Amino acid sequence: MSKTDETDEATGAGEKGVRPTSEPALGLRGVSFSYARPEGEPELAAGAPLVLDHADLSVPQGAFALLVGGTGSGKTTLLRLCKPEIRPEGELSGMVSILGRDVRGLSPRESAGLVGYVFQSPDSQIVCDSVWHELAFGLENLGVPQDQMRRRVAETCYFFGMEPWFHKRCASLSGGQRQLLALASVLCMRPRLLLLDEPTSMLDPVAEKSFLSLLFRVNRELGCTVVVATHNPGPMLDYASVAFAMEGGRPYQVPLGSLAGEPDLLTQGDATAPQTTASPPRASRVVRASGAWLRYEREAPWVLRGCDLELRSGEVRALVGGNGSGKSTLIMAVAGMLRLQRGHVSNALSGSQALLPQSPKALLSQPSASEELMEWSSSAGYTREQMLALAESFGLTDALDRHPYDLSGGQQQLLAFAKLLLTRPKLLLLDEPTKGLDNAARSLVATHVRQAAARGATVLLSTHDVAFASAVADTCSLLFDGQVALTQPAGQFFSESWVWHA
Amino acid sequence: MDEAGRRGALAFETCHPVVPAVYFAGVIGIGIFTLQPVFAAISVVGALCFAVCCTGWRRALAQLRWQLPMVALVCLANPLFSQSGLTVLATLGPVTVRLEALAYGLCMGASLVCMLQWVANAAHVLTEDRLLELSGTRLPVVTTMVSMAIQLVPQLRRRFGVVESARGACTSAQAPRKGGRVHASTVLMAWAMEDSLERADSMRARGWELGGRRTGYRLEPLRGSDVAAAVAVGLLAFAAALAAYVAQAEWSFYPTMPALRPWWGYVPFALLALLPTALTLVLRLKEGRLGSVENR
């Protein structure tokens, strides 16, 4: 007994005083919040807009709670208010409590040990160079003594089965592994409440599922209360015990069943929707890859192993397949960005192609969204009016004066996509265009892909998003082992598929 | 570290990093401050042998492709600048080539290349992880910064490729290619800054800036045997350094070089320089993987 007390004393974040009680793990009472305005901006008569408006919430201990809402609904703000170290600047009223204690009364040390926070991006939340160092980072900060630190790191590694990559460099891990590492390094600190902000939106479905099942084990076996903010609750419904939907700055409890199902991405009766007839019209062939072999380094394994692909003019082709099956590589090879070791790619539209990379930030370089959209206006020949019309159709009108990096990830993606569409490319290459997007944004991307196709553009896109692919694609190719395993009309492909079905 | 499975055992792999740190400090320090043919030769042999242990025959030989020309360059360039020495070998126009100047250049070039090789060897044994471990908890900011930099460099390089090629692939924009590099660096900077905001939050959320005593996770505990080994290596290095001091004082290239004689003073440095190779060979013999030197 004295040993545990000693531990608690030493870590400063112990479990004393938080014996199971009826107190909710996370409670909000009449919480309102508005962001501080940057200096120099005029005061509005009505004050800054409220992101949270008299929000009430009670998450019981041991719950697996979902906080559902689209981009900009205030999910992230709500989560961050529960963690004093990363609370946004602004005006807060009402009370936020963790296990019955007001967060304003929590010392940073207590908060660090009591509440864990996992961020969205697998790339930017990792601090240290190697896995073991990342796991120990929080414990080192808390000054946990050596043997306790080793114990916690060891137990966390054991729990997640991370032993094989304990000595690896973080840079060599996949996105899914990095996100798991982020979760593990937070759990090392043994938090009672775990907050996660869109933790799986950057992961592919397989990595997402394995992440969620581990998160579920954390919740059930370790008794850690979990709150996940997400715009895509579908995959989490099996694990969640309670769900709240953000509306008008307030979370409302909703039945879990109401969150199931996919909304239609294209409006009913859209004239541009893909043809459901079995055989697409025989248009001329514009892209052809034959026997393409490619690897990135001499000793590395082959990524493409004799890959064949044909695209006809005006076709929308979806590429599906697991991680590392070569989807992105094939797209880059078609774009002429990679040199094949064997075989060849001919691309009749190489002079008028546009590529949307997985990270839209790679295309954004201007100080404001409107300048971003106008960057290529003189060379590609479009007018400001055309730009404004397109921006409006993407719902970006209000964002035009802002810096691209002040936009949400979803808006950045739409901005980069709009920037490409303005150049009227004849070949659109899209690498996971709906990754991390909420339903509204996915629907916008779907609509514009179909419009581009109706205009005569050929589209090649890779995706893990079955609903999106079946909404926009005419044909679908399955990539496996560096080859196109089969190509079918999209409707037929998805109806026959065992694992990819809408 | 990922390579460790494919090659055989390596000296200093199983002891606390303080031992190799003392060793390499000694061998590199002596190499830098001593310019004497026998010491230089011993150092070259030691460095090359251990390079073979670290990277295998093929890569060590491949290294010679730039190392030998480098030595030749320094050796041949020295007579251009140095007109000292008495033994004239040839006169090429205004340049008089003297034996002593050539010897000095050879010795200089060999030491230079061999120091680089020792540093490369040290990097093989003292990986970033182990170096960080040496710095301990005294410099948390520096340690964290170095650790962060190590993981960010590959990310930055990968992103540079993405930015460059993504922009190049958008031919429909008809954008001029000029200023591509500048553009890429602007994007990378903005991207990295954006990331750093979230990384700072992630650090703060895990108790960075708490103040108070910080601890450090020890990957390898410091045992009595490690201390003993470090002291032994240190004493050997000290003996070698004393001998090097004496040898250096008695040696001069100009005006003429004294004759070299066998001397017991070379023994400590020879032991020191060949120590890691010998240790590696013993370890691999025990493992029965001597062949793995060739089989790589």
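Protein chains get the first letters and strands the later ones, always in sequence-line order, with residue 1 at the start of each. Please read these numbers as outputs of a predicted model, since none were measured by experiment.
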Ignoring hydrogens and angles, state whether a donor on the side chain of [X] or [Y] is under 3.5 Å from an acceptor on the partner side chain.
X	Y	value
B:Q63	B:R59	no
A:S111	A:E85	yes
A:Q179	A:Q125	yes
A:S368	A:E371	yes

For this session: For A:R424, look at atom CZ and say whether over 12 heavy atoms of other residues, nucleotides or ligands are found less than 6.0 Å away.
Result: no
Between chain B and each of [options], count heavy-atom pairs under 4.5 Å; write down the option with the most.
options	result
A:S377, A:A171, A:G351	A:G351
A:G138, A:S352, A:A182	A:S352
A:L420, A:L422, A:D431, A:N141	A:N141
A:L139, A:L349, A:L355	A:L355
A:V186, A:V153, A:L429	A:V153
A:P404, A:A335, A:G336, A:S185	A:S185

Exercise. Do A:E134 and A:K168 meet the salt-bridge criterion of a basic N to acidic O distance under 4.0 Å?
Worked result: no
Exercise. Taking NZ, NE, NH1 and NH2 as the nitrogens, is one of them in A:K361 or B:D195 under 4.0 Å from a carboxylate oxygen of the other?
Worked result: no
For this session: May I ask you to name which of B:A190, B:A192, B:S196 has the most heavy-atom pairs under 4.5 Å with chain A?
Result: B:A190
Exercise. For the candidates B:T171, B:L210, B:V153, which exhibits the highest count of non-hydrogen atom pairs separated by less than 4.5 Å from chain A?
Worked result: B:T171
Problem set entry | side-chain contact (heavy atoms from CB on, under 4.5 Å) partner of A:V118, chosen from A:L196, A:L79, A:L187, A:L195 | A:L196
For this session: Could you tell me whether the side chain of A:Q358 reaches within less than 4.5 Å of the side chain of A:S328, counting heavy atoms only?
Result: yes
Exercise. Excluding sequence neighbours, so at least two apart, what forms side chain to side chain donor-acceptor pair (under 3.5 Å) with A:R151?
Worked result: A:E155
For this session: Could you tell me which portion of A:P425 (side chain, backbone, both or neither) has an atom closer than 4.5 angstrom to a non-hydrogen atom of chain B?
Result: both
Exercise. Contact part of A:M337 toward chain B, heavy-atom cut-off under 4.5 Å: side chain, backbone, both or neither?
Worked result: side chain
Exercise. When only heavy atoms count and the cut-off is under 4.5 Å, which of residues 197-205 of chain B reach chain A?
Worked result: B:E198, B:R199, B:D201, B:S202, B:M203, B:R204, B:A205
Exercise. Between A:F137 and B:W208, does the ring centroid distance fall short of 6.0 Å?
Worked result: yes
